[in-house]
A.B. asks: 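My questions all concern the structure below.
No experiment lies behind these values; they were computed from the predicted model shown.
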Amino acid sequence: MSEKAKGFAPIVGKKATHLILGTMPGQRSLAESAYYAHPRNAFWPIMTAWLDWPPSLSYQERCARLSTAPVIVWDVLASCVRPGSLDSAIQADSIVPNDFAMLLTANPTISTVLYNGAKASQLFARHVIDQQALPAQELSHITLPSTSPAFASMPLAEKRRRWLAALPTLGAAFQ
């Protein structure tokens, strides 16, 4: 049996309006203790394009800069058993979701949830919306293409276009 994987703390931005949710960090991310660590994952290139960062920033610098943006990055699952990195391998009886009642209560400015792939959306609906007492705040839900290299049927340019269209527009107040 595989070991239970445990996720990371959220990256919390300033006055966050958008919550970006993956499912659970993959094996490479878990090994490096870093969100979206696989070199072919499109997440950081998309964030770099959105926030106009140099692509050479270290992981720590990316997280520091992302914490000034109006987003929170987290995963639906706090822990699960998943041999490998594919979401389809998550063992349903091992799923423990993160505490979104706490997160949303602490961040009442969140108005949009952006799912990094369909599985994140499905898991949030099943294990959070159906099972947690969430605060009564209006939330829009948008499922975006997975940034994972396992979702290779969509070119990076199209993933980037869809993500950038869904991310908040940044005004002069951002920085």
Side-chain angles (χ1 to χ4, degrees), residues 1-13 16-48 50 59 62-63 66-67 69 71-104 106-107 110-132 134 139-156 158-160 162-167:
M1 181 164 154
S2 294
E3 192 173 309
K4 192 164 220 176
K6 292 182 174 56
F8 308 137
I11 300 170
V12 179
T17 58
H18 287 58
L19 174 59
I20 300 172
L21 294 177
T23 54
M24 181 73 183
Q27 294 300 310
R28 180 80 177 255
S29 293
L30 291 168
E32 294 185 24
S33 296
Y35 277 106
Y36 304 104
H38 193 287
R40 290 192 334 263
N41 193 296
F43 181 80
W44 289 113
I46 289 168
M47 293 298 109
T48 296
W50 174 50
Y59 177 72
R62 291 178 200 166
C63 291
L66 198 56
S67 71
V71 297
I72 294 174
V73 175
W74 209 15
D75 288 305
V76 176
L77 304 183
S79 65
C80 69
V81 173
R82 179 184 60 193
S85 293
L86 295 177
D87 289 343
S88 60
I90 293 171
Q91 295 178 8
D93 63 349
S94 72
I95 289 174
V96 176
N98 274 310
D99 185 350
F100 287 94
M102 175 273 311
L103 183 83
L104 292 171
N107 296 278
I110 294 290
S111 61
T112 304
V113 181
L114 302 175
Y115 299 102
N116 190 345
K119 189 67 171 185
S121 175
Q122 293 165 0
L123 289 169
F124 191 83
R126 184 173 298 128
H127 297 281
V128 178
I129 292 174
D130 289 350
Q131 295 183 17
Q132 292 186 18
L134 299 177
L139 295 174
S140 299
H141 299 266
I142 301 170
T143 302
L144 292 166
S146 173
T147 60
S148 169
F151 182 52
S153 62
M154 182 179 288
L156 174 58
E158 181 60 14
K159 288 181 185 183
R160 179 180 162 168
R162 291 188 190 188
W163 273 85
L164 293 178
L167 287 163

A.B. asks: Nearest 0.5 Å please: distance from the CG atom of Leu164 over to the NZ atom of Lys159.
C.D. replies: 13.5 Å
A.B. asks: Taking all atoms of both residues into account, what is the closest heavy-atom pair of Pro149 and Asn41, and its distance?
C.D. replies: CD-CA, 3.9 Å
A.B. asks: Working to the nearest 0.5 angstrom, can you tell me the gap between Asn107 CG and Met102 CE?
C.D. replies: 8.5 Å
A.B. asks: Hey, could you give me the CH2/CG distance between Trp74 and Leu21, rounded to the nearest 0.5 Å?
C.D. replies: 8.5 Å
A.B. asks: Check the pair Glu3, Leu30 against side-chain contact (heavy atoms from CB on, under 4.5 Å), reporting the backbone distance first and the verdict last.
C.D. replies: CA-CA 12 Å; Glu3 192 173 309; Leu30 291 168; over 6 Å; no
A.B. asks: Take atom CZ of Arg28 as the centre, draw a 6.0 Å sphere, and report whether it contains more than 12 heavy atoms from other residues, nucleotides or ligands.
C.D. replies: yes
A.B. asks: Would you find a donor on one side and an acceptor on the other, under 3.5 Å apart, between the side chain of Arg62 and the backbone of Thr48?
C.D. replies: no
A.B. asks: Lys6 and Val96: side-chain contact (heavy atoms from CB on, under 4.5 Å), yes or no, with the steps?
C.D. replies: CA-CA 9 Å; Lys6 292 182 174 56; Val96 176; over 6 Å; no
A.B. asks: What pair of heavy atoms forms the shortest contact from Ser146 to Asn116, and how long is it?
C.D. replies: CA-OD1, 3.2 Å
A.B. asks: Measuring from Leu19:CG to Leu139:CG, what's the distance to the nearest 0.5 Å?
C.D. replies: 8.0 Å
A.B. asks: Hey, is the main chain of Gln27 close enough, under 3.5 Å, to the side chain of Ser85 for a donor-acceptor pair?
C.D. replies: yes
A.B. asks: Distance-only check: which donor-acceptor pairs under 3.5 Å involve side-chain atoms of residues 119-127, not counting sequence neighbours?
C.D. replies:
unit_1 : atom_1 : unit_2 : atom_2 : d
Ser121 : OG     : Thr143 : OG1    : 3.3

A.B. asks: To the nearest 0.5 Å, what is the distance between CH2 on Trp163 and CZ on Phe43?
C.D. replies: 6.0 Å
A.B. asks: Start with the C-alpha distance between Ile90 and Leu77, add both sets of side-chain angles, then the distance that settles side-chain contact (heavy atoms from CB on, under 4.5 Å), and finish with yes or no.
C.D. replies: CA-CA 10 Å; Ile90 293 171; Leu77 304 183; 3.9 Å; yes
A.B. asks: Where is the tightest heavy-atom contact between Ile72 and Pro10, given as atom of each residue plus distance?
C.D. replies: CG2-CB, 3.9 Å
A.B. asks: I need the minimum non-hydrogen distance between Ser79 and Met24, along with the two atoms involved.
C.D. replies: CA-CE, 3.9 Å
A.B. asks: How long is the gap from CG on Leu134 to CG on Leu104, to the nearest 0.5 Å?
C.D. replies: 6.0 Å
A.B. asks: What are the two closest heavy atoms between Met47 and Leu167, and how far apart are they?
C.D. replies: CE-CD1, 3.7 Å
A.B. asks: Excluding sequence neighbours, so at least two apart, what forms side chain to side chain contact (heavy atoms under 4.5 Å, CB included) with Ala150?
C.D. replies: Leu86, Ser148
A.B. asks: Can you name the salt bridge (charged side-chain N to carboxylate O under 4.0 Å, His left out) partners of Arg162, sequence neighbours left out?
C.D. replies: Glu158
A.B. asks: As a quick check of understanding, evaluate side-chain contact (heavy atoms from CB on, under 4.5 Å) for Val71 and Leu66, giving each step before the final call.
C.D. replies: CA-CA 7 Å; Val71 297; Leu66 198 56; 3.8 Å; yes
A.B. asks: Tell me every residue that passes salt bridge (charged side-chain N to carboxylate O under 4.0 Å, His left out) with Asp75, counting only those two or more places apart in sequence or in another chain.
C.D. replies: none
A.B. asks: Mind checking salt bridge (charged side-chain N to carboxylate O under 4.0 Å, His left out) for Arg40 and listing every partner two or more places apart, or none if nothing turns up?
C.D. replies: none
A.B. asks: For Pro45, which residues count as a side chain to side chain contact (heavy atoms under 4.5 Å, CB included) partner, sequence neighbours excluded?
C.D. replies: none
A.B. asks: Classify the ring geometry of Trp44 against Tyr36: parallel below 30°, tilted from 30° to 60°, perpendicular beyond 60°.
C.D. replies: perpendicular
A.B. asks: Output yes when a side-chain donor or acceptor of Gln91 lies under 3.5 Å from a complementary backbone atom of Pro83, and no otherwise.
C.D. replies: no
A.B. asks: Quick one: closest heavy-atom pair of Ser29 and Tyr35, and the distance?
C.D. replies: OG-C, 3.9 Å
